[in-house]
Asker: 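Below you will find the structure I want to go over with you.
Along the sequence shown, residues carry numbers from 1.
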Amino acid sequence: MRPLPALTALTALAALVTLTACGADPAADSGRSGGAKGDTVTVRIPDPGNSGVLARGKQDGSLDEALAAVGAKVAWTGSAGPFAPAAQAMNADQLDFATGSITSGITSLSQNPGFAFFTATDPDPVGEGILVREGSGIGSVRDLVGRKVAVNKGGTGEYLLLKALAKEGIPADRVERVYLRPDQTAAVFNAGQVDAWAVWSTYAVAEIGSGKARFLVDGKAIGSDNYSLNAVRSDFAKEHPAIVKALYRYLHDNSAKERKDPAAYLNVFTDAGPTAVTGKAKEVQIGFTREGGTVDPIGPEDIARFKAVAGFYADQKVTPGTVDVAAHLLDVESLS
């Protein structure tokens, strides 16, 4: 990806919304920007759990080492999850960094954002899509007409379903959208209370790994432009650009390593219990990661696709108008 032509403007901090999981950590309070020159700056990041680049960096100390080189340290605050509450936490100066999709990002940008995006990972061709249960009798997107599909409102799930329907020329109101939080959907899906589930790899791996579900269509078949993005609190980026750049470099280098050796980034802290990925699900996750992208700077070609998603969301009435994504992007390579 090529870098942006110039650093775009950052928005001001706004919308003080409390996120309990983030606000209760005393370490988070020490992460407020500022302090005397030479002080160590705390970067507040959602706890990464048991898998992924940040989990590995937390476990082996490599992230601490990378940030120490630019006078920073990590405070693990709350836990990683949907982007919407993380965006609210950044707006409320309770979090400095978070990961999310361009789809949930656009929804959050439409609500007075206090953050900017500084990296992009190409849309996942195989790890996101519309799940159906084996033996459901649903063999095509057209078979969803008149049925119920679980989606997360304004995020990846709703986008994937609407894109799949639009590609087939099916009016969106021919399929009933059931709005559910992703972490509450598996039980509903497996109980047959919805007919399908539009979702991404975080939740799809366990379902596919169980042998009881499959993707009806994946991201590639849908024609998804659903990038994964990293966001930073706007004021933090203004005050500590070198730290943002160091964090980008760490994510970029280690996402490339993860793609080459996915197994090394799974079950980082434990290989047992509810956070562990085992059996067939582990094989599924390794396959998804190998087909995925790496964390890169945001380039002009990416911005064009972001605009397409924003336009699609406006056309589908997910947002009241077309969100200007380009106004909330950073050229991370120009930071110093």
Side-chain angles (χ1 to χ4, degrees), residues 1 4 8-15 17 19 46 80-92 95 97-124 128-130 151-167 172 177 179-182 198-202 219 222-234 237 293 295-332:
M1 298 181 184
L4 291 171
T8 56
L10 289 172
T11 56
L13 186 66
V17 183
L19 182 68
F83 183 71
Q88 292 173 352
M90 285 188 286
N91 289 345
L95 194 66
F97 167 87
T99 301
S101 64
I102 183 60
T103 48
S104 58
I106 286 171
T107 306
S108 297
L109 285 175
S110 68
Q111 301 170 5
N112 300 317
F115 61 89
F117 294 112
F118 67 102
T119 77
T121 302
D122 286 343
D124 189 346
E128 63 178 14
I130 300 176
V151 302
N152 60 312
K153 186 174 179 62
T156 293
E158 187 163 30
Y159 170 77
L160 292 172
L161 175 61
L162 292 173
K163 280 286 286 185
L165 295 176
K167 187 174 182 180
R177 279 169 271 176
Y179 293 119
L180 294 169
R181 277 175 36 184
V199 71
W200 61 101
S201 62
T202 301
I222 291 169
S224 172
D225 281 325
N226 187 37
Y227 282 77
S228 175
L229 306 177
N230 285 305
V232 62
R233 187 169 58 84
S234 297
V295 175
D296 293 314
I298 298 170
E301 69 279 14
D302 307 316
I303 298 173
R305 294 173 74 178
F306 297 169
K307 289 180 178 178
V309 176
F312 180 75
Y313 259 23
D315 291 343
Q316 295 289 328
K317 311 302 182 185
V318 177
T319 56
T322 302
V323 174
D324 183 7
V325 181
H328 305 283
L329 302 177
L330 282 172
D331 176 9
V332 70

Asker: Between Asn91 (side chain only) and Gly114 (backbone N and O only), is there a donor and an acceptor less than 3.5 Å apart?
Answerer: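 A pair under 3.5 Å: yes.
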Asker: Within the distance-only criterion (no hydrogens, no angle test), does the side chain of Gln316 pair as donor or acceptor with the backbone N or O of Phe312 below 3.5 angstrom?
Answerer: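 No.
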Asker: Tell me whether Thr103 contacts the main-chain N or O of Thr156 through its side chain, where contact means a donor paired with an acceptor under 3.5 Å.
Answerer: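 Between the backbone of Thr156 and the side chain of Thr103 there is a qualifying donor-acceptor contact (under 3.5 Å).
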Asker: What do the steps show when you test Leu161 against Ile130 for side-chain contact (heavy atoms from CB on, under 4.5 Å), and what is the final call?
Answerer: CA-CA 7 Å; Leu161 175 61; Ile130 300 176; 4.2 Å; yes
Asker: Mind checking whether Pro82 and Asn152 have side chains closer than 4.5 Å, heavy atoms only?
Answerer: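 No; the side chains remain at least 4.5 Å from each other.
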Asker: Asn230 side chain to Thr119 main-chain N or O, any donor-acceptor pair under 3.5 Å?
Answerer: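 No; judged by distance alone, with no hydrogens or angles, the pair does not exist.
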Asker: State the OH-CG distance between Tyr313 and Leu162, to the nearest 0.5 angstrom.
Answerer: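 Between Tyr313 OH and Leu162 CG, I get 7.5 Å after rounding to 0.5 Å.
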Asker: So which heavy atom on Ala310 is nearest to which on Val323, and how close?
Answerer: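 Smallest interatomic distance, heavy atoms only, reads CB-O, 3.5 Å.
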Asker: Passes side-chain contact (heavy atoms from CB on, under 4.5 Å), Phe306 versus Leu229? Steps please.
Answerer: CA-CA 11 Å; Phe306 297 169; Leu229 306 177; 3.7 Å; yes
Asker: Might you work through the side-chain contact (heavy atoms from CB on, under 4.5 Å) test for Phe115 and Phe97, ending with a clear yes or no?
Answerer: CA-CA 9 Å; Phe115 61 89; Phe97 167 87; over 6 Å; no
Asker: Indicate whether any N or O donor in one side chain lies under 3.5 Å from an N or O acceptor in the other, for Asn226 and Glu128.
Answerer: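 Per modelled atom types, Asn226 and Glu128 side chains form a pair under 3.5 Å.
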Asker: Using the side-chain contact (heavy atoms from CB on, under 4.5 Å) rule, take Ile106 and Thr319 through it: C-alpha gap first, then chi angles, then the decisive distance, then the call.
Answerer: CA-CA 8 Å; Ile106 286 171; Thr319 56; 4.2 Å; yes
Asker: Check Pro297 against Val332 and note the closest heavy-atom contact, atom names and distance.
Answerer: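 In this case the closest contact between Pro297 and Val332 is CB-CG1, 4.1 Å.
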Asker: Verify whether one side chain among Ser104 and Thr107 offers a donor that lies under 3.5 Å from an acceptor in the other.
Answerer: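 There is no such pair between these side chains.
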Asker: If you measure only the distance, is there a donor-acceptor pair under 3.5 Å linking the side chains of Asp302 and Tyr227?
Answerer: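 Tyr227 and Asp302 do have a side-chain donor-acceptor pair below 3.5 Å.
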Asker: Could you pull out the closest heavy-atom pair between Gly129 and Leu160, with the gap in Å?
Answerer: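 So the two residues come closest at N-CD1, 3.7 Å.
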Asker: To the nearest 0.5 Å, tell me how far Asp225 CG sits from Lys163 NZ.
Answerer: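 Result: 5.5 Å between the selected atoms.
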Asker: Taking all atoms of both residues into account, what is the closest heavy-atom pair of Glu158 and Arg177, and its distance?
Answerer: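 Closest approach of Glu158 to Arg177, heavy atoms only: OE2-NH1, 2.7 Å.
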Asker: Looking at Val309, is its backbone amide N or carbonyl O close enough to the side chain of Tyr159 to form a donor-acceptor pair, meaning the two atoms are under 3.5 Å apart?
Answerer: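 Side chain of Tyr159 to backbone of Val309: no pair is present.
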Asker: Would you call Ile303 and Val325 a side-chain contact if the rule is heavy atoms closer than 4.5 Å?
Answerer: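 Ile303 does not reach Val325 side chain to side chain.
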Asker: Met90 and Arg233: which non-hydrogen atoms are nearest, and at how many Å?
Answerer: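 The pair with the smallest heavy-atom distance is O-CD, 3.3 Å.
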Asker: If you look at every heavy atom in Pro113 and Ser108, which pair is closest and at what distance?
Answerer: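 In this case the closest contact between Pro113 and Ser108 is CB-O, 4.3 Å.
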Asker: Is there a side-chain contact between Ile298 and Phe117 (heavy atoms, below 4.5 Å)?
Answerer: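 Contact flag for Ile298/Phe117 side chains = yes.
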Asker: Taking side chain as C-beta onward, heavy atoms only, is Ser234 less than 4.5 Å from His328?
Answerer: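 Counting from C-beta outward, Ser234 and His328 never come under 4.5 Å.
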Asker: Just checking, is any N or O donor in the side chain of Ser101 or Ser228 under 3.5 Å from an acceptor N or O on the other one?
Answerer: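 Distance-only check fails for Ser101 and Ser228.
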